[in-house]
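Right, one structure below, let's go through it.
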Amino acid sequence: MGRPSLATDPVKIMDPIERPSPPLNLNFSEQTTTGVSLNWETPTNNGGSMITGYIIQKCEDGSDKWLRCNARLCQDLSYRVSGLKPAQKYLYRVSAENAAGISDPTEELGPLLADDPHVAPTLDLSAFRNGLEVIVPQPLTIRVPISGYPTPTAKWTFGDKELSSADERITMVTKPTFTELVVTPSVRPDQGTYSLTLENDVTSVSGEIEVTVIASPSAPKDLKVAEVTRRHVHLMWEAPEHDGGSPVTHYQIEKREVSRKTWVKVAVGVYDLEHTVTDVIEGKEYLFSVTACNKCGPGEPAYIDEPVNVSSPATIPDAPENLKWRDKGAKTIFLSWEPPKYDGGSNIKGYVVEKCQRGTDKWEPCGEPMPEPKFQVTGLIEGQWYSYRVKAFNKLGAGKPCRATDEIQAVDAKEPPVIQLDVKLLAGLTIRAGTKIELPADVTGKPNPKVKWTKADLVLKANERIAIDTQPGHSKLSIDNSTRGDTATYIIEAVNTCGRATATVDVNILDKPGPPAAFDISEITNESCFLAWNPPRDDGGSIITNYIVEKRQTDKEEWVKLSATVKQTTFNACKLTPLKEYIFRVSAENQYGIGQPAEHAPIIAKYSFDPPGCPTRVTASDIAKDAVTLTWCEPDEDGGSPITGYWVERFDPESDKWIRCNKLPVKDATFRVKGLPTKKKYSFRVLAENLAGPGKPSVETDPILIKDPIDAPWAPGKPLVKDIGKTSANLLWTRPEHDGGAKIDGYVIEFQKAGSEEWVRIAEDIPQTEHLLKGLMEKQEYCFRVKAVNKAGESEPSEPSDLVLCKERL
C-alpha cells in the first residue's frame, strides 16, 4: 500500500439547503394617511430550511431607495406599516429569510397613496322638505349638512345658471360637515329651484331646494275717483300687477288735504277693490292713496292724478279758452288752447277739435278726441278757408265749444329763415382735442330753408370725421376726434325764397402746442453752444409753461434731456465733447402736454475757426544743471482767432510720452523749463493755442543735455617727485589743460603705499603746482597723484607718480 493523499477540509454532514423563494400574493388593507396593513402567503419553497421570518420594505414613488420597515423579523404573514407621510405614494415588497439567507423580494405592490379610505358624498335636505321662504331683502341662506371624504366640492345652480362668488351678492362656503349658499340682499327674481351637486373622486350626488321669495306687492292699478258729492268720495282701483309672491290680504287708504303735508289713514281693513271715503269736508281739496298689503306688509301706494274738490255733483265742463293757431300749411295747421276754468267737478278726459269749411254751417270733427290741449289738424284742402273750435269733455259728456277762430286759408306760410343756436354756444365752444364737436341749431322758415355749414371760406361736407344732420327745423354739425386744426369760426347759413340768415360759432380746440419756431444755434465752441428759438406759432390754446431741450450724438439713438424746466426761449448747452456731431431739439409744453419738437440740423462741437499752426525755430539757451530756457517764433497761421498762449512739452524716454512743462499757457514766446534732472538729455516742442484749442506741435529740438555750464577741470599733469627725504617729499606738477570754464581754486594730493590699493588724501587746498609733503613714514615706498578743484568740483586724478622710497638724504 502506498502513501495516503492529503486530507480534505472539514465537511459538515447535513441535508443541502438554499435561500427560500419569494413570498406569494402580497396584498394590502386598512390604508390610512399614516399606515397600511400588508399580508402575504408563505413561499412555495423554503429552501430546505425553516422560514425564520420576513423582511418588509417600502419605497417612495419616484425614488429607488428601499427602506426596511421592521427592525426584527416578522414571524407572521401580515404586518402593519406605520409612519407614512400623508398624501405620499409608496411601493411595498416582502422577502423571506431562512438559515441560508434572504430570498428575492415579492413583486412590488403599489404605488399606494397614504390616505384615509375615500367615502362617497352625502347631503341632508330634510330641513328643506317644504322648501325655503325668504322675505325681501333678508339674506337667502341655504345651509346643507354634508359628509364624504375627501371633502366634496359643491356646485350651486339656479335654473340653468351656475352660481359664482364673482357675483357680489353671492357667498359660497364648503366645510367638511356643511356647505352654505348666501344671497344678500334677496330680490324677487331669486325665487326658484336651487340645485346642489356634491362631488369627490368616489362619486357625485345632487339635490334640489325650492325657494320662495316674498316681497311687498306693487301699487294698485287704475286708481280713480268714481264719484264725488258734498259728503263723500268714492274710490275704485284694480289689483296690483304683482302680489310680491304672497296673496294680497287687504288694502289701506290714506287722504291728505292739499293745504297740508301730512297723510292720514282713513281705512285699513279694506278687502274690496273700491271704497267710499266719508270723512271729508265740503269745499276742501283732497289727495288720496291706496296701498296693497300682504304678509310682508304694505307695498307701494297708488295716488290719484289730481286733487278732488268735495262739492256738489259733477256737470259737463266749461268751454276751453284762448284757442290759437300756428304753423299753417296747405294741408295742416297746428292748434293749441287752455283748459276750461271749471271742469264740472270731474276730471277732463279729453278734447274734441272741429272744423267748418267756408260756405257751410257743418262742423266736422278733425280726428279722435285728444287728451292734451293741442292738436295737429291734417287732411285740409289746399286753398280752402276753415274755422276751428274745441270742446272739452268729462265723464258726464262734452261741454260747450269755445269761440271759433276766424277763417284761415289752407296755404303754405312764407317766413324768412331764423337760426337759433344753443345758448351754450353763444359765447363759443372750447374743448380738449379728441373730443367730439357738436354744434346744434334750430332752423325755422317757410318753406324749409336750405342749410349750409362753412369753416372760414370752406363749405363743409360729410366725410369720415364730419357729419351734418339737417332735418326740418333743426341742423347739427358734428366733428369726431377734434384736432387743433379744427379751431375756427364756423358759420351756419339758411336760405329760402323769403330771405337768408346766418349764425357763427367760435370753436377753440385746446391741445398740446406746436413746435417752437425759428430754432437756431450759435456761439458754437468745443464744449458748448447757444440755442435760441421763438414761441410756437400755435400755443395749443393754452399758455406755454416751459420748454424741454434735448440733445443726441449722431452716432447714437438715445436722446439725452438737458433740461425740462426752461422758461425762456434761450438755452446754453454745455459739457459737449469736442469735435462730436450733435443734433438738438426743443419741445414746448402747456397744461395739455408736450408738443412736437423743433429739430435743428446736426452741428459739430468746435469753434468756427481752427487751432493755430505750429510755432517755429524753437531754440534752447541758458542751460543750467536743472533748467533750460526755450524761445520760439509765432506760427505763421493763427487759425482765425488770436493766439491765447503756448504749451511747452518735453519728451520722456522712460515713459515714451510727451509731458507738459507749464501748468498754464505761456503768453510770451519764451519759457524757462525748471526742475529737470541733471545730466539727462531731453527733446522739447511747443504748441500754440487759441479758443479752438491747441494746434499742431513744432518740430522737436535735438536732444539737449541738462547740466551745469561750468565743468570740473581736467586732470593735472603727472606729479614729479623733485626731492625725497626720510619723512617728506617735494612734488611738482603741471596745470590741467582745461580749467572747466572756471579758475582753479586749488589742488588735492593723495598717496598710495606700495602693496596697497587704497589712496589716502594727504593735502588739499594747495594753491600752487608745487608742494612739500611732510609726515611720511621712513623706508616706506609711495606713489602720488593730484586732483584740480574749481567751483564745479574736483577733476579726475592725475596719472600716478613713479614709486619713491622715503629715506635719509646722503
- Task: Show your working on side-chain contact (heavy atoms from CB on, under 4.5 Å) between Ile509 and Thr483 and close with a plain yes or no.
- Result: CA-CA 7 Å; Ile509 308 298; Thr483 65; 5.8 Å; no
Counting C-beta onward and ignoring hydrogens, is there a side-chain heavy-atom pair between [X] and [Y] closer than 4.5 Å?
X      : Y      : result
Phe375 : Glu368 : no
Val390 : Trp337 : yes
Tyr90  : Asp61  : no

Enter the distance from [X]:[atom1] to [Y]:[atom2] here, rounded to the nearest 0.5 Å.
X      : Y      : atom1 : atom2 : result
Ile348 : Glu306 : CD1   : CD    : 9.0 Å
Cys74  : Leu38  : SG    : CG    : 9.5 Å
Glu107 : Arg93  : CD    : CZ    : 12.5 Å
Lys331 : Ile333 : NZ    : CD1   : 14.5 Å

For the pair [X] and [Y], find out whether any cationic side-chain nitrogen is under 4.0 Å from an anionic carboxylate oxygen.
X      : Y      : answer
Glu338 : Lys324 : no
Glu60  : Lys85  : yes
Glu241 : Lys221 : no
Glu438 : Lys436 : yes
Asp279 : Lys255 : yes

Take a 6.0 Å sphere around [atom1] of [X] and say whether it holds more than 12 heavy atoms from other residues, nucleotides or ligands.
X      : atom1 : result
Arg231 : CZ    : no
Arg260 : CZ    : no
Arg68  : CZ    : yes

Looking just at side-chain N and O atoms, do [X] and [Y] make a donor-acceptor pair shorter than 3.5 Å?
X      : Y      : answer
Ser126 : Asp124 : yes
Arg80  : Asn70  : no
Thr197 : Trp156 : no
Asp272 : His275 : no

- Task: Walk me through it: do Trp453 and Ser475 pass the test side chain to side chain donor-acceptor pair (under 3.5 Å)?
- Result: CA-CA 9 Å; Trp453 288 89; Ser475 182; 3.0 Å; yes
Out of [options], which residue meets the side-chain contact (heavy atoms from CB on, under 4.5 Å) rule with [X]?
X      : options                : result
Val211 : Val183, Ile142, Thr193 : Ile142
Ile253 : Leu223, Val270, Val268 : Val270
Val451 : Ile468, Val443, Leu477 : Val443

- Residue pairs, two or more places apart or on separate chains, that pass salt bridge (Lys or Arg N to Asp or Glu O under 4.0 Å) and touch residues 184-204: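 Residue pairs passing salt bridge (Lys or Arg N to Asp or Glu O under 4.0 Å), neighbours aside: Arg169-Asp190.
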- Okay, side chain of Arg326, backbone of Phe334: is any donor-acceptor separation there less than 3.5 Å?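 A pair under 3.5 Å: no.
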- Query: Just by modelled atom types, is the Pro121 backbone N or O under 3.5 Å from a matching donor or acceptor in the Tyr149 side chain?
  - Reply: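 Pair absent, no side-chain N/O of Tyr149 close to backbone of Pro121.
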- CA sep, side-chain torsions, deciding dist, call: Ile304, Tyr286, side-chain contact (heavy atoms from CB on, under 4.5 Å): CA-CA 10 Å; Ile304 62 173; Tyr286 293 91; over 6 Å; no
- Show your reasoning for whether side-chain contact (heavy atoms from CB on, under 4.5 Å) applies to Tyr490 and Ile479. CA-CA 12 Å; Tyr490 291 80; Ile479 302 177; 3.8 Å; yes
- Ring centers of Tyr303, Trp263 separated by less than 6.0 Å: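 Distance test on ring centres: under 6.0 Å, yes.
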- Message: Thr122 vs Ser147, test: side chain to side chain donor-acceptor pair (under 3.5 Å). Steps then yes/no.
- Response: CA-CA 5 Å; Thr122 64; Ser147 66; 2.3 Å; yes
- Apply the ring-ring contact (aromatic ring centres under 6.0 Å, His included) test between Tyr251 and each candidate in Phe288, Tyr271, Trp237; give the one that qualifies.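 Running ring-ring contact (aromatic ring centres under 6.0 Å, His included) over Phe288, Tyr271, Trp237 with Tyr251 returns exactly one hit, Trp237.
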- Item | Lys58/Leu84 under side-chain contact (heavy atoms from CB on, under 4.5 Å): CA gap, chis, key distance, verdict | CA-CA 10 Å; Lys58 66 180 178 182; Leu84 303 181; 4.0 Å; yes
- Step by step, work out the salt bridge (charged side-chain N to carboxylate O under 4.0 Å, His left out) result for Glu133 and Lys295. CA-CA 12 Å; Glu133 188 174 84; Lys295 67 189 299 182; 3.2 Å; yes
- Query: So Ser542 and Gln591, side chain to side chain donor-acceptor pair (under 3.5 Å) or not? Walk me through it.
  - Reply: CA-CA 7 Å; Ser542 177; Gln591 64 174 323; 3.3 Å; yes
- What's the verdict on side chain to side chain donor-acceptor pair (under 3.5 Å) for Thr276 and His234, showing C-alpha distance, side-chain angles and the deciding distance? CA-CA 4 Å; Thr276 300; His234 188 71; 2.5 Å; yes
